[in-house]
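Beneath this line is the structure, given in structure tokens, with notes to follow.
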Amino acid sequence: MKTIYFDSETTGLEPFSDRITLIQTYYDGKIRFNKPKPENITRLKNLLETTLVVGHNLKFDLKFLKHHFNIEPTHLFDTYIAEVLISGGQKAGQKGASTLETVAWDYAGIKLKKDQDMRQSFKGRELTQEQIEYAAMDVAVLPEIHAKQQIQLKKLCLEKVFATEMSCIPATVWLELSGTPIDLDGAQKLEKETRGKLELSRLNVLTILKQSGYRNLDLEGMPAVNLNSPAKLLKALKDIGLELASTNVSTLSAMKHPAGKALKEYRKHQKLLNTFLEKLPKHINPATGRIHANFNQYGTLPGRFSCSRPNLQQLPKDKNIRALFKGNNGSKIITADYSQIELRILAEVSKEPKFLELFNSGGDLHKLTASLIFNKQLDHVSKEERNIAKTINFGISYGMGGGRLQANLKDNGIEISPDEARKYIDTFFKNYPKVKEYLDNAGQSAVRNSQIRNIAGRLIKYRPATNESERADILREGKNNPIQSLNADILKGAMGRLYHRLKTHEIRLINIVHDELVFEVPGEHAETASLIVKEEMEAAGREYLKSVPVIAEVKVGDVWQK
DNA sequence: AGTCCCTGCGCG
DNA sequence: AAAGCGCGCAGGGACT
């Protein structure tokens, strides 16, 4: 396939309000400058959609191309993502670590000048000779970077993961341009309600402090304490005889004093109001009436997406919040998530016979763990015993200790002794010896080599440990990262597949949350689309999970579901 | 006013 | 706070 080196200049960062001023291409030994005039578009579309397009952070340019000209290249080589991948994820989420300037210097020894003044200057109507020379350099430098990165990717055996990443870019463009619909009226109503509850809970806390003898009062005779300051709060609690190590939820839960419960209530409303209800409406794009968050495809060390402005991956599961995300004009929302994907991955990589048997027979792993730990028949396991097992299944596998297990359970209203906690952990590993063997090996190899791979071949590098504490960190990360990162590869694979199957029929990808895809679909296509979503998500999982079934649970409704 | 770190907490 | 891992965001507080 023919290779085109590609870049574009725009008047700003926002595809809905800014425009492309220049498209630079470099092929057949010639740099070309294209003004985005109507007579050029058909030729450009044909060119870019039938060639390998090489560029730096293509998501940015592709959003403009798709939105303004309906140009959708799909054969891609992104030198930005390549750079993060080659670094073993170390450059993920690090500002400036993989800019074109940095990469051009590292691979080609070329200093690109792309300061703020230059960027501003592209807003002008006509480009100066100097500007054109700078714009030319941006594509002229690409062939050498491309060639050297190809060698690196091959040397590090990263070609397959890289292909997955490239297949995901058009889906990410689709996701960011789609945006997420939000019910503004509903959000404002909920904000008002929550504001009322916050004020009540604030007065409740202050009253309790006063009744407990707190003496530092304000002009109205109420305790003068900033409840939002952990340091000040700690002091205030000390003044009424409560010596605490922290003011976090676990500590508050353990308190007998009524201030604990009251503060938890206050915190809940505070978080809901200040982080979500007050902020989400500010992110609505005036051009589309929707929220277009920034999804960073390689935003984390193990290769997961990160999301910001706003972070749509951390919205509360609270039903009232999720219900704010509903389809426009009667469209349906498809919520699709992988069932227990990380535990299935652990089964696959450890080949633990009890895990494999369980998943292949469609059983309940938490129940099985409970029956083994408490030495009971499966149908005699109580709800509480299953909950303990669930905490263990999710936590212990990644190095959680007895103390933490005890505390986690306590947060769920289950009290056990330190001896019991230790015994549960021992019993877990005794019953699942291959899980123990896999996790021990993974952790030790991560420490020994300062890197580890998942079974898709993705590389995760660590800064070599310089002390015992860092060594312990890598030991734990090495157990978790290959599992978490394979989850990311599976999701990216599913996104790439679904982009090709669903981009038509006005179907929009509106959110992704690590093991979950959310779509907005016109009612008449909802049932068909949900079948395709399930089919492709499971097929993406089966590319790596050969010993256990992969199950995607797909729901169709009016709103985003839990 | 901007930057950094800390505590705390939302999600998978 | 605790030997789970991965993130982003808010508010406080110290600093320049």
Side-chain angles (χ1 to χ4, degrees), chain A residues 89 92-93 225-234 244-254 263-264 266-280 282-283 293-296 298-318 321-322 337-338 340-343 346 391-411 418 421-422 425 428 439 442-443 446 452 460 462 468-485 487-488 491 511-517 560 562:
Chain A
V225 184
N226 182 351
L227 299 184
N228 299 330
S229 166
K232 301 278 170 61
L233 182 59
L234 216 51
L244 303 175
S246 154
T247 70
N248 64 21
V249 173
S250 303
T251 312
L252 298 179
S253 297
L263 275 165
K264 281 201 294 180
Y266 172 83
R267 283 257 176 81
K268 197 179 80 189
H269 299 311
Q270 171 81 5
K271 180 82 177 178
L272 207 57
L273 189 66
N274 290 14
T275 307
F276 303 108
L277 293 173
E278 281 185 356
K279 296 300 184 301
L280 287 174
K282 292 192 203 297
H283 288 283
N294 173 50
F295 287 88
N296 188 355
Y298 207 147
T300 74
L301 178 72
R304 270 191 182 176
F305 273 85
S306 68
C307 178
S308 61
R309 290 171 291 124
N311 182 354
L312 296 178
Q313 298 184 321
Q314 56 165 179
L315 296 171
K317 287 166 82 174
D318 180 325
I321 298 273
R322 297 282 164 127
D337 69 299
Y338 284 110
Q340 300 196 333
I341 188 68
E342 291 209 348
L343 288 170
L346 182 57
T391 304
I392 295 174
N393 279 339
F394 284 131
I396 302 275
S397 314
Y398 310 125
M400 184 171 69
R404 180 70 176 250
L405 172 61
Q406 199 190 344
N408 269 0
L409 290 173
K410 194 167 181 176
D411 288 349
R422 222 167 301 123
I425 297 171
F428 176 94
L439 292 170
I452 195 160
I460 301 147
Y462 306 102
E468 201 44 45
S469 152
E470 286 175 6
R471 214 183 72 89
D473 288 346
I474 297 175
L475 197 65
R476 282 192 303 276
E477 287 159 3
K479 295 174 183 182
N480 170 267
N481 287 170
I483 293 170
Q484 189 186 120
S485 73
N487 182 0
L491 192 84
N511 201 0
I512 59 159
V513 197
H514 308 309
D515 65 350
E516 175 182 359
L517 300 174
W560 185 16
K562 207 240 89 178

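So you know, we letter chains A, B, ... as the sequences are listed, proteins then strands, and number each from 1. Note that this is a predicted model, so its numbers are computed, not measured.
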*Using only side-chain N and O atoms of A:Thr275, determine if any of them is under 4.0 Å from OP1 or OP2 of C:dG8.*
no

*Counting side-chain heavy atoms from C-beta on, which of C:dG12, C:dA1, C:dG6 comes nearest to A:Asn228?*
C:dG12

*A:Asn248 side chain: which of C:dC5, B:dG10, C:dA1 is closest?*
C:dA1

*Under the 3.5 Å rule, do the base of C:dG8 and the side chain of A:Gln314 count as making a donor-acceptor pair?*
yes

*Look at the side chain of A:Arg304 against the base of B:dG12 and say whether a donor-acceptor pair falls under 3.5 Å; ignore hydrogens and angles.*
yes

Donor-acceptor pair, distance only, cut-off 3.5 Å: does the side chain of [X] make one with the backbone of [Y]?
X        : Y        : result
A:Lys279 : A:Asn274 : yes
A:Asn408 : A:Thr391 : no
A:Arg309 : A:His283 : no

Without decimals, in angstroms, what is the distance between [X] [atom1] and [N] [atom2]?
X        : N      : atom1 : atom2 : answer
A:Glu342 : B:dC11 : CD    : C1'   : 13 Å
A:Leu234 : C:dG13 : CG    : P     : 13 Å
A:Ile396 : C:dC5  : CD1   : C1'   : 14 Å

*Using the P atoms only, state how far B:dG8 lies from C:dA1, rounded to an integer number of Å.*
5 Å

*Salt bridge present between A:Glu516 and A:Lys317 (N-O < 4.0 angstrom)*: no

*Using purine N1 to pyrimidine N3 plus N6-O4 or O6-N4 for Watson-Crick, or N1-O2 and O6-N3 for G-U wobble, each under 3.5 Å, what pairs with B:dC11?*
C:dG6

